[in-house]
Amino acid sequence: MPKLPKLPAPPLPGPLQEPPPRPGEGNGKAGPLDGAAQAGITVVDWIDERTSLSGAARWMMFRKVPKGTNWFYTLGSATMFAFLSQAFTGVFLAMYYRPEPAGGAYESIRYVTNDVFLGQFVRGMHKWGSSVMVVLVFLHMGRTFFFGAYKYPRELNWVIGVVLLILTMVMSFTGYLLPFDQRAYWATIVGVNINGTGPLIGPYLSDFLRGGSEFGATTLSRFYAIHMLIVPGLLAALIGAHLYLVAKLGTTAPPWTKAQKRVELRETEI
Amino acid sequence: MPDKRAKHTSKYTLDRGIPGAFEGETVTRRRFMTGTAHTAGAIAASAFALPALGFAIGPVFKSTPHRWEVVGTVDQFPDNNYVPVILTVTPNIGEAGKTTVYMRKHNPEIDTDIYDRNTPYIAISSRCAHVGCPVRWVDASERFICPCHGGVYDLLGRRVGGPPVRPLDRFYTRVSGENVEVGPRFSVNSQLRRFSPRDPGEPLDGIGQYLYPSRPGAQKL
């Protein structure tokens with residue numbers, strides 16, 4: 001049978017025509033990347049069908065923000081990323097660190113700093129990152145205060161934020177001892193004794209921190225456990241609660257934003 | 001909608017019209033099961049939480065036996081000037097467990113205080129009574145001086161300047177044959193009256209000894 005000439009497509013009205021391929025989608029033929037994209041969609045759909053997580057993700061990520069939202073509103077996220085950086089670098093530093101007061105701790109830090117590939121960089125990230133985090137926490141707190149964002153109904157988020165500030169300070173205090181050099185040792189002696197000046201419970205708090213009446217064999221491992229297990233867990237949980245409340249209650253407009261005059265609905269807009 | 005917090009009219013489930021109620025029953029089976037499950041959960045949680053908590057705060061109540069350490073011979077220490085010796089406070093942790101003690105033979109002309117009468121040697125701790133930095137004995141000015149915040153103490157360890165709240169701590173001493181031994185630490189108030197050891201920064205004058213109580217594990221010598 002001779003091959004028939006292909007007839008031109010009949011002139012269809014616009015809405016019935018196939019839309020032209022969008023940029024990046026190729027010429028309509030399925031390429032290897034389309035298969036990969038389809039696989040990704042399938043996996044996400046599979047999970048979403050069983051967890052309904054996409055609704056939560058949309059609720060968290062695609063929120064309405066007030067007019068006038070500006071760069072000051074990024075300080076909270078910046079603090080969170082500082083925390084994530086600390087958590088990430090801290091996990092890898094823990095692979096090398098040994099909490100032995102009789103020389104092992106100092107030697108392991110010296111080894112990380114001088115001998116491990118990128119060790120000085122990762123340790124530097126953790127060391128300087130802690131200061132960055134404290135600075136960002138205070139900037140974030142100042143933003144919240146000066147914008148009046150702690151007022152009803154956001155008081156509980158302020159309270160959680162204060163607990164997060166205290167926990168950040170506990171992290172700074174306990175982490176300072178871990179290099180176990182002269183500065184770390186004496187700063188911790190002074191810090192624990194400042195704790196002890198609190199009347200009635202101060203002496204007990206000092207003994208709890210040191211694990212005894214003197215700086216002893218378990219003080220360093222005690223600080224290490226508080227620094228890498230107890231407080232980070234609390235911090236992560238409370239950051240979750242903090243973010244939940246931010247998403248639930250929404251953010252505030254800057255104080256200089258004038259409230260819009262109420263415009264009565266006109267018939268033409270209904 | 002009925003108010004759930006409203007007081008029940010009767011304590012008997014039968015009177016409240018609860019399905020399946022027994023004669024004389026006051027607690028429903030549902031409520032009993034809920035309470036049982038909560039109690040079981042609380043017991044299970046305390047079974048690991050309480051021992052772990054006790055494990056963590058146990059050292060607060062632990063009493064460590066007194067250590068006596070030979071620091072020198074009887075003719076090694078003059079009675080008008082201090083000689084520094086190194087004392088091991090916590091063994092097996094290297095430098096971090098050591099501290100400097102300033103030793104001097106008892107001098108009846110200087111140590112006129114009644115509490116010092118029977119002490120063969122005066123052993124003054126180098127731990128500053130402000131926040132615990134190490135003080136050093138400066139011979140020329142006859143003062144203990146703290147490098148951190150400027151605490152100054154006189155020959156007997158009493159504060160003469162700076163932020164410290166009480167005199168320098170001391171250690172018990174004894175002579176064993178030809179050797180001088182240093183024992184446990186004790187704290188003193190501004191009249192050099194002895195108290196069980198307190199941490200730096202805790203005053204012992206007036207109400208201080210009650211605001212900063214002694215350790216539960218502190219033992220009498």
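Atoms considered below: every heavy atom in the structure, side chains included; atoms not considered: hydrogens, waters and symmetry mates. In what follows, every chain begins at residue 1, and chains take the letters A, B, ... in the order their sequences are listed.
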Sort [X] into side chain, backbone, both or neither according to what part of it lies under 4.5 angstrom from a heavy atom of chain A.
X: B/Ser214; result: backbone
X: B/Val60; result: both
X: B/Arg198; result: neither
X: B/Phe61; result: neither
X: B/Pro134; result: both

message = Under the ring pair (Phe, Tyr, Trp, His ring centres under 6.0 Å) definition, can you give me all pairs with a residue in residues 80-99 of chain B, not counting sequence neighbours?
response =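 Every pair satisfying ring pair (Phe, Tyr, Trp, His ring centres under 6.0 Å) with a residue in residues 80-99 of chain B: B/Tyr82-B/Trp137, B/Tyr82-B/Phe144.
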
query = Sequence neighbours excluded, which residues qualify as side-chain contact (heavy atoms from CB on, under 4.5 Å) partners of B/Val74?
reply =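 Residues passing side-chain contact (heavy atoms from CB on, under 4.5 Å) with B/Val74: B/Tyr121, B/Val175, B/Glu178, B/Val180.
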
Can you tell me which of [options] forms the most heavy-atom pairs within a distance under 4.5 Å of chain A?
options: B/Lys62, B/Arg215, B/Arg185; answer: B/Arg215
options: B/Gly97, B/Gly58, B/Gly132; answer: B/Gly132
options: B/Gly94, B/Gly208, B/Ala56; answer: B/Ala56

Side-chain contact, heavy-atom cut-off 4.5 Å: [X] with [Y]?
X: B/Cys133; Y: A/Ile189; answer: no
X: B/Asp199; Y: A/Arg210; answer: yes
X: A/Pro199; Y: B/Tyr212; answer: yes

Does [X] [atom1] have over 12 foreign heavy atoms under 6.0 Å away?
X: B/Asn92; atom1: CG; answer: no
X: A/Arg110; atom1: CZ; answer: yes
X: A/Tyr106; atom1: OH; answer: no
X: B/Arg30; atom1: CZ; answer: no
X: B/Arg174; atom1: CZ; answer: yes

What closest approach, in Å, do [X] and [Y] show between heavy atoms, and which atom pair accounts for it?
X: A/Gly196; Y: B/Glu202; answer: O-OE2, 3.2 Å
X: B/Ala96; Y: A/Phe180; answer: CB-CZ, 3.7 Å
X: B/Val131; Y: A/Asn193; answer: O-ND2, 2.8 Å

ask   = Looking at A/Ser206, A/Ala217, A/Pro203, which has the largest count of heavy-atom pairs under 4.5 Å with chain B?
value =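 Most heavy-atom pairs within the cutoff with chain B belong to A/Pro203.
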
Heavy-atom pair count under 4.5 Å with chain B, highest-scoring of A/Gly104, A/Gly198, A/Ser213 =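 Option with the greatest count: A/Ser213.
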
task = Rounded to the nearest 0.5 Å, what's the gap from CD on A/Glu214 to OG1 on B/Thr99? Could you check?
result =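 Spacing of CD (A/Glu214) from OG1 (B/Thr99) equals 8.0 Å.
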
query = Rounded to the nearest 0.5 Å, how far does OG1 of A/Thr219 lie from CD1 of B/Ile93?
reply =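 Reported to 0.5 Å precision, the distance equals 6.5 Å.
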
key: Contacts with chain B made by residues 148-160 of chain A (heavy-atom distance under 4.5 Å), listed by residue number   =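 Within residues 148-160 of chain A, near chain B: nothing under 4.5 Å.
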
key: Per-residue contact mode, A/Tyr204 against chain B (heavy atom under 4.5 angstrom)   =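 Both parts, heavy atoms under 4.5 Å.
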
Indicate every side-chain donor-acceptor pair of residues 136-145 of chain A with a distance under 3.5 Å to a residue at least two apart or in another chain.
{"from": "A/His140", "atom 1": "ND1", "to": "A/Gly76", "atom 2": "N", "distance (Å)": "3.4"}
{"from": "A/Thr144", "atom 1": "OG1", "to": "A/His140", "atom 2": "O", "distance (Å)": "2.8"}

